[in-house]
Each structure stands twice: as structure tokens, then as C-alpha cells.
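Note sheet for the following structure.
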Amino acid sequence: MIVVAEPDQVGADLAAGVLACPRCGGRLRPWAYAAARRVRLLDGSTRAVRPRRARCAACRRTQVLLPGWLLPRRADAAEVIGAALVAKANRQGWRRIATQLGRAPGTVRRWLRAARSRQHLDWLRRRGVQIAAQLDPDLLAALDPQPTELADALTALSAAVLAWRRRFARHARPWTLIGVFTAGRLLAPS
Ligand SMILES: [Zn+2]
């Protein structure tokens with residue numbers, strides 16, 4: 001799996017042979033599509049999506065090119081799950097978050113549980129720090145320690161988003177970029 005920021009651009013990149021295989025560095029070529037799915041957005045609507053697949057010309061392995069705005073095996077978009085994590089960092093409980101987002105309490109509870117191990121939160125934080133440090137070290141120096149490890153992780157990822165948007169693409173949506181930065185692992189794999 002490769003997480004991409006701009007799925008429309010990926011089609012052109014595949015056709016041009018400029019995407020590299022993450023396993024061997026070979027050229028990725030268009031290769032059909034992954035299964036269609038429906039993803040629920042923050043405003044309550046659903047969006048149909050059919051991620052592209054690509055195949056490496058060298059090692060012949062296939063890869064799903066997952067748009068950054070969704071997460072693997074989750075029915076809700078990254079912006080929804082991200083909003084739940086931000087609310088948790090603001091000390092709200094899972095029942096209240098579920099009501100606010102209009103989602104099942106058990107679903108929200110599963111998301112929060114998948115983003116609470118110290119190891120995972122530290123990994124998220126380090127992803128944010130690495131990207132922000134490459135693009136804008138001054139921004140990184142201005143970050144204050146937060147009261148929780150979750151808040152530290154989200155703050156570092158926000159800094160990476162800000163640095164990236166300033167440098168490359170001001171229009172890019174924050175949770176899409178975070179999806180790319182974290183390779184689709186905003187939540188720890190179960
Ligand atoms: Zn390959």
C-alpha cells in the first residue's frame with residue numbers, strides 16, 4: 001500500500017512511470033483498481049471511492065494507492081477519526097465525542113483505543129517532528145510540550161501540515177496530508 005495525497009495526479013504519474021515501487025524501486029504501472037468502497041465524511045455524507053492499483057514492472061508485486069483522506073479498513077474518513085482524536089486530546093470522553101460526530105459510541109471507542117499506546121503516539125509524534133524539521137526547523141522550535149502524549153502527537157503532526165502547506169501546497173487538506181505522513185497509520189493496526 002502507498003498512501004497518496006492527490007489521487008487524480010497519481011493516474012498521470014503512473015502513466016508517466018514516475019512512481020517508484022516501495023519494495024524494489026522499480027517503476028510502477030497502472031494495474032486495475034482495488035475494490036470499491038463507501039467512506040463516511042464529517043458532514044454525514046458518504047463518498048464512493050475505488051483506489052487504484054499499480055504493479056511494479058521489475059518485481060511484479062502490486063500496490064494499492066490509497067488516497068490519504070481515508071484509512072485502510074475504516075468506514076470513516078481520516079477527517080472524522082482525526083476529529084475524534086482532537087476531541088479526546090481536549091479531554092472529551094468517547095460518549096460525548098460519538099454524539100457530536102453522529103457515530104456509534106462503540107466505533108469511536110475503538111478509534112480512541114487504537115490511538116492510545118505510548119509506542120504508537122510516540123511514533124506519530126516523531127513522524128510529525130521529522131517532516132516539520134526538514135521543512136521548517138524554526139516552526140518546530142516554537143512547539144510547546146502538551147499535557148498528554150496524544151496532544152503532543154497531534155501538535156507535531158499539525159506543525160508538519162503547516163510546514164508542508166507553506167512549502168508545497170497551500171490547498172492540501174490537513175487530514176489528507178497527515179494520512180500521507182503516517183502512511184495510513186493514524187490508528188495503530190489491530
Ligand atoms: Zn518492485
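Index from 1, following the sequence. Here the structure is a predicted model, which means the values were calculated and not measured. In each ligand, atom 1 is the first atom listed, and ligand 1 is the first ligand listed.
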Please check this pair: side chain of Arg37 against backbone of Val49, looking for a donor-acceptor N/O pair closer than 3.5 Å. no
Give a yes or no on whether a salt bridge exists between Asp152 and Arg125, defined as a side-chain N under 4.0 angstrom from a carboxylate O. no
Count, waters excluded, of protein N, O or S atoms under 2.8 Å from the Zn ion (ligand 1): 4
Could you give the distance from CG (Leu112) to CD (Gln92), rounded to the nearest 0.5 Å? 10.5 Å
Look at Asp76 together with Arg103 and state whether they make a salt bridge at an N to O cut-off of under 4.0 Å. yes
Could you tell me whether Arg116 and Glu149 have a side-chain N and a carboxylate O separated by less than 4.0 Å? no
Lys/Arg-Asp/Glu bridge criterion (N-O < 4.0 Å) met for Arg118, Asp122: no
